[in-house]
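Per chain, numbering begins at 1; letters A, B, ... match sequence-line order. Just the heavy atoms: all of them, side chains too, but no hydrogens, waters or symmetry mates, feed the values below.
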There are 2 protein chains.
Amino acid sequence: MARTLYDLAGAEDDRRFSPYCWRVKMALAHKGLDFQTVPWRFTEKEAIAFSSQGLVPVLVDGERVVTDSWAICQYLDNAYPDTAPLAEGAQAWAHALFVKHWTERSLQVALAPILYLDILAHLHPKDRAYFRTSREARIGTTLEAFTADPPAHLERLRKVLEPLRATLAAQPFVGGPSPSVADYVVFGAFQWARCISSVQLLDAESPVFAWRERMLALYGGLGGKALGYSTIPATSGGASR
Amino acid sequence: MARTLYDLAGAEDDRRFSPYCWRVKMALAHKGLDFQTVPWRFTEKEAIAFSSQGLVPVLVDGERVVTDSWAICQYLDNAYPDTAPLAEGAQAWAHALFVKHWTERSLQVALAPILYLDILAHLHPKDRAYFRTSREARIGTTLEAFTADPPAHLERLRKVLEPLRATLAAQPFVGGPSPSVADYVVFGAFQWARCISSVQLLDAESPVFAWRERMLALYGGLGGKALGYSTIPATSGGASR
């Protein structure tokens, strides 16, 4: 069965930086489900008009069209009950919903001022005005003002990451001994960063750093082989991955 | 079997405000396990010396002595497998660990400058120097400087609560349709506040407000009947609960 994911791309077709699309790609790999991706840009609304909305990810699974990354993950567990579950039972899903909202409303909020100018620089030229206009309306200022003072934004990120750091000091994955949908959601935020920015977000000694390396290596290096920047500090060598 | 919990108290014996002890009291009630509490003050280290450490909660369950609120919750699920589980399976526990660390490293960190002077005011006189000295060493300034600018602290709390607000807009409890250990951990932080402070932390329209009311009503009103301040804004009537 042909399974197709519409996946946000930058200037290059293989610059895939959407945190929401990364959740779905990792979830599909977790379940061992083959898929192909179609590069998509913010302004290509007509290409996904069949989904009755204007955002990716859009998964086309045979006759089914599913949108919204969380809904897609839940769909996958329901539609493929004989594959590895993304979360083990209703309560594990309920708890993971908190991790999802923390990722979107704390982690990604802290990452946005660190990343927005790098996103702008990596976008397809036809997407740049859309990105600037839509984001500046949301943040209420210019991208340049919003992203000023990088050291303060990195310090704020460090504080926001404290719960994740403590969790990953105690267990290898947010899901425990093996990754769950909660790991894919958090990892999506880090891939958002890695695919468009060379900023080093994490100390090499952080349990979050070691966890991200484990996540990058999963499923034949699905995350790690993607076009982006090295997670290894420049002093250790390594440029674009 | 006699089951005894050493429970932090303030000036009055029934002023029980420890967020960590509240986790355990709610967990014991969740499992339908009877218990009695012993009021304990910060400086009564000798009273719990039998536990080989100096903090509450300490649970004495027959011959077993268990310390650390999270370890006590896990102990209860292991020791009483025929009672309602605090989390349903290893992955639900793993995800709940993130909620625990978020509560301690984000939520309680945001609450501390809102609550510390009220805690000081409600402590037993013999505990006040201990509290001031230990907390000022931790925060690196005076309690008065730390707690200055309450509107800024409330605004910061509002942002920290965003993931919880979004989660509880989608489901009645962090655990889903019914409360789990994750709810008790978060609720402990709100009881810490309610038992010693009249500050209104939440808008009455917030899903977190409605969730807290549900939590206060559980198990015959275990949380709601405890000595503390009303969660209902003063304009609606209601002083100390």
With chain B as the partner chain, list the residues of residues 160-172 of chain A whose heavy atoms fall under 4.5 Å from it, by residue number, and write 'none' if nothing qualifies.
A/Glu162, A/Pro163, A/Leu164, A/Arg165, A/Ala166, A/Thr167, A/Ala170, A/Gln171

Within 6.0 angstrom of B/Lys159 NZ, more than 12 heavy atoms from elsewhere
no

Between A/Ala92, A/Ala182, A/Ser178, which residue shows the highest count of heavy-atom pairs closer than 4.5 Å to chain B?
A/Ala92

What class does the angle between the rings of A/Phe98 and B/Trp102 fall in, given that below 30° is parallel, 30 to 60° is tilted and above 60° is perpendicular?
perpendicular

Indicate the atoms forming the closest heavy-atom contact of A/Gln91 with B/Gly175, along with that distance.
CG-O, 3.5 Å

Among B/Ala90, B/Gly176, B/Pro177, B/Ala87, which has the most heavy-atom pairs under 4.5 Å with chain A?
B/Ala87

Given the options B/Leu97, B/Val109, B/Thr103, which has more heavy-atom pairs under 4.5 Å with chain A than any of the others?
B/Leu97

